[in-house]
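Residue numbering restarts at 1 for every chain, and letters A, B, ... go by the order of the sequence lines. Keep in mind it's a predicted model, so treat the numbers as computed, not measured.
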There are 2 protein chains.
Amino acid sequence: MTKTDQAYAIIQLIRPVHRRLARAVETKLAGSGISVGMRAVMEILAVKGKSSVPEIARNLFLKRQQIQLLVNELEAKGYLERGPNPAHKRSPLFALTKDGLSEFERIRQTENMELEALVTPLSQAELASTEVVLRQLLEHFSAFEDDPDNLGSLE
Amino acid sequence: MTKTDQAYAIIQLIRPVHRRLARAVETKLAGSGISVGMRAVMEILAVKGKSSVPEIARNLFLKRQQIQLLVNELEAKGYLERGPNPAHKRSPLFALTKDGLSEFERIRQTENMELEALVTPLSQAELASTEVVLRQLLEHFSAFEDDPDNLGSLE
DNA sequence: GTCAACATGACAATACAATTGTCAAATAAG
DNA sequence: CTTATTTGACAATTGTATTGTCATGTTGAC
């Protein structure tokens with residue numbers, strides 16, 4: 001089993017894992033009126049604080065147009081509020097409202113319980129290696145991005 | 001950094017990695033008239049040999065309806081041919097034609113060259129751990145599958 | 001052997017994420 | 001000052017996957 005073969009096996013797993021993960025998150029979110037994408041936006045705001053739409057897009061490796069739609073929905077639900085952006089008059093900074101934050105924390109809590117069971121049979125070293133490999137994948141295949149909007153920072 | 005936090009970081013990477021991977025594969029496939037899904041079906045047939053549509057679906061963790069569409073397209077392109085299925089009169093077994101096989105091998109070859117560069121900075125141990133973790137993710141979140149069609153075997 | 005449960009092909013409709021395209025206003029860079 | 005870039009806003013489109021349905025084939029219980 002060469003390293004190339006191993007990489008190949010990993011790549012084949014990405015699609016099904018992604019799909020099941022998305023479905024699981026959806027299931028957990030069902031009824032809350034929050035989609036997987038909306039949840040991701042809330043995450044960025046919870047971690048990074050106030051951000052403009054294009055900033056969020058870069059963090060999530062998505063187009064700003066996609067984020068715009070999610071932000072609009074979240075704002076309509078009262079989970080986000082806009083504030084002035086000293087750096088750009090037309091591009092407001094969005095932040096979680098009190099409602100948004102508590103909703104997000106509720107979500108995170110149920111997710112964490114789910115994760116406890118998931119990680120039990122896995123070692124810290126395995127998890128650390130996985131993150132390294134996934135980041136390498138992300139970076140390597142960024143070469144295929146034609147749109148600079150999609151070249152998010154990896155910190 | 002707890003294991004739960006690590007798992008969380010990994011989960012957040014799955015979506016962007018999946019998207020970039022899909023785009024990279026598409027780019028490589030551009031012009032050949034083969035989509036990512038069609039390529040995945042060819043892969044199964046190359047590895048597992050003759051299979052029925054539902055069998056392929058289980059292998060790829062997808063619904064048979066989805067596979068049916070891909071198989072139809074591949075057959076129309078002359079990359080697949082159907083043969084009798086001793087186990088089921090109405091459900092033929094599909095196999096790669098000579099054309100299909102050579103096309104698939106051509107694809108695999110260019111992919112392998114790409115992978116060489118990808119795996120260079122990664123160790124065998126890291127890659128092995130990643131596969132373990134991804135399989136655990138896949139298995140764990142299979143609990144959210146309501147459709148038995150989607151419960152593919154992990155061998 | 002008969003009948004009920006299940007698997008499959010075939011086709012249609014839909015949902016959802018993501019992309020592409022476009023234009024005007026704001027900003028940055030030279 | 002002039003030009004290029006960034007951004008918001010809106011529209012249209014694509015691609016993957018799901019859901020629903022029906023007729024036919026298959027399997028297993030009895």
Side-chain angles (χ1 to χ4, degrees), chain A residues 14-23 25-27 29-30 33-41 51-58 60-73 75-76 80 82 84-94 144-152, chain B residues 14-23 25-27 29-30 33-41 51-58 60-73 75-76 80 82 84-94 144-152:
Chain A
I14 293 285
R15 267 228 292 182
V17 167
H18 168 252
R19 209 151 359 86
R20 286 199 172 172
L21 208 41
R23 187 167 327 180
V25 175
E26 264 172 35
T27 303
L29 259 40
I34 297 182
S35 72
V36 181
M38 288 161 70
R39 188 213 156 287
V41 169
S51 310
S52 71
V53 166
E55 276 169 11
I56 301 169
R58 280 187 288 272
L60 293 175
F61 306 93
L62 286 170
K63 312 258 180 196
R64 65 197 166 83
Q65 288 91 333
Q66 170 84 357
I67 304 302
Q68 189 76 52
L69 298 174
L70 298 171
V71 165
N72 291 348
E73 277 187 273
E75 194 184 17
L80 256 56
R82 58 177 69 198
N85 182 353
H88 200 302
K89 198 182 295 177
R90 273 189 60 196
S91 191
L93 293 178
F94 288 91
F144 294 86
E145 295 291 339
D146 43 321
D147 185 341
D149 278 9
N150 260 19
L151 255 58
Chain B
I14 293 286
R15 266 228 291 183
V17 167
H18 168 253
R19 212 156 350 94
R20 286 199 172 170
L21 208 42
R23 187 168 325 180
V25 175
E26 265 171 35
T27 304
L29 261 38
I34 296 182
S35 71
V36 182
M38 287 159 71
R39 188 214 156 287
V41 169
S51 310
S52 70
V53 166
E55 275 168 11
I56 301 169
R58 280 186 288 272
L60 293 174
F61 305 94
L62 285 170
K63 311 262 178 193
R64 66 196 166 81
Q65 288 92 331
Q66 170 85 355
I67 304 301
Q68 189 76 52
L69 298 173
L70 298 170
V71 165
N72 291 348
E73 278 187 272
E75 194 184 18
L80 256 55
R82 58 177 71 198
N85 182 351
H88 201 299
K89 198 181 296 178
R90 274 190 60 195
S91 191
L93 293 178
F94 288 92
F144 293 87
E145 296 291 338
D146 41 323
D147 186 342
D149 278 10
N150 259 18
L151 282 164

Q) Listed by chain and number, what are the salt bridge (Lys or Arg N to Asp or Glu O under 4.0 Å) partners of B:R15, not counting sequence neighbours? A)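 Not a single residue meets the salt bridge (Lys or Arg N to Asp or Glu O under 4.0 Å) criterion with B:R15.
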Q: State, to the nearest 10°, the angle formed by the axis through the first five base pairs of the helix from C:dG1-D:dC30 to C:dG30-D:dC1 and the axis through its last five.
A: 50°
Output all residues satisfying side chain to side chain contact (heavy atoms under 4.5 Å, CB included) with [X], sequence neighbours left out; order by chain, then residue number.
X: B:A22; value: none
X: A:S91; value: A:S52, A:P54, A:N85, A:H88
X: B:R82; value: B:E75, B:P92, B:F94

(Q) On DNA chain C, does the nearest nucleotide to A:L70 precede the nearest nucleotide to B:F94 from the 5' side, or the other way round? Give the residue. (A) B:F94
Q: Tell me which nucleotide among D:dT7, C:dT27, C:dG9 gets nearest to the side chain of A:K89.
A: C:dT27
Q. Among C:dA17, C:dT8, D:dG8, which nucleotide sits nearest the side chain of B:S91?
A. C:dT8
Any [X] side-chain N or O less than 4.0 Å from OP1/OP2 of [N]:
X: A:R58; N: D:dT6; value: no
X: B:K63; N: D:dT19; value: yes
X: B:Q66; N: D:dA17; value: yes

Q) What does A:A22 touch in the nucleic acid at a heavy-atom separation under 4.0 angstrom: a base, only the sugar-phosphate, or nothing? A)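 Here A:A22 touches no strand at all.
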Q. What one-letter contact string describes nucleotides 9-15 of chain D from 5' to 3', where B marks a base within less than 4.0 Å of any protein heavy atom, S marks contact via sugar-phosphate atoms alone, and - marks no contact?
A. BB-----
Q.
Any non-hydrogen side-chain atom of B:Q68 less than 4.5 Å from a side-chain atom of B:N72?
A.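 Yes, their side chains come closer than 4.5 Å.
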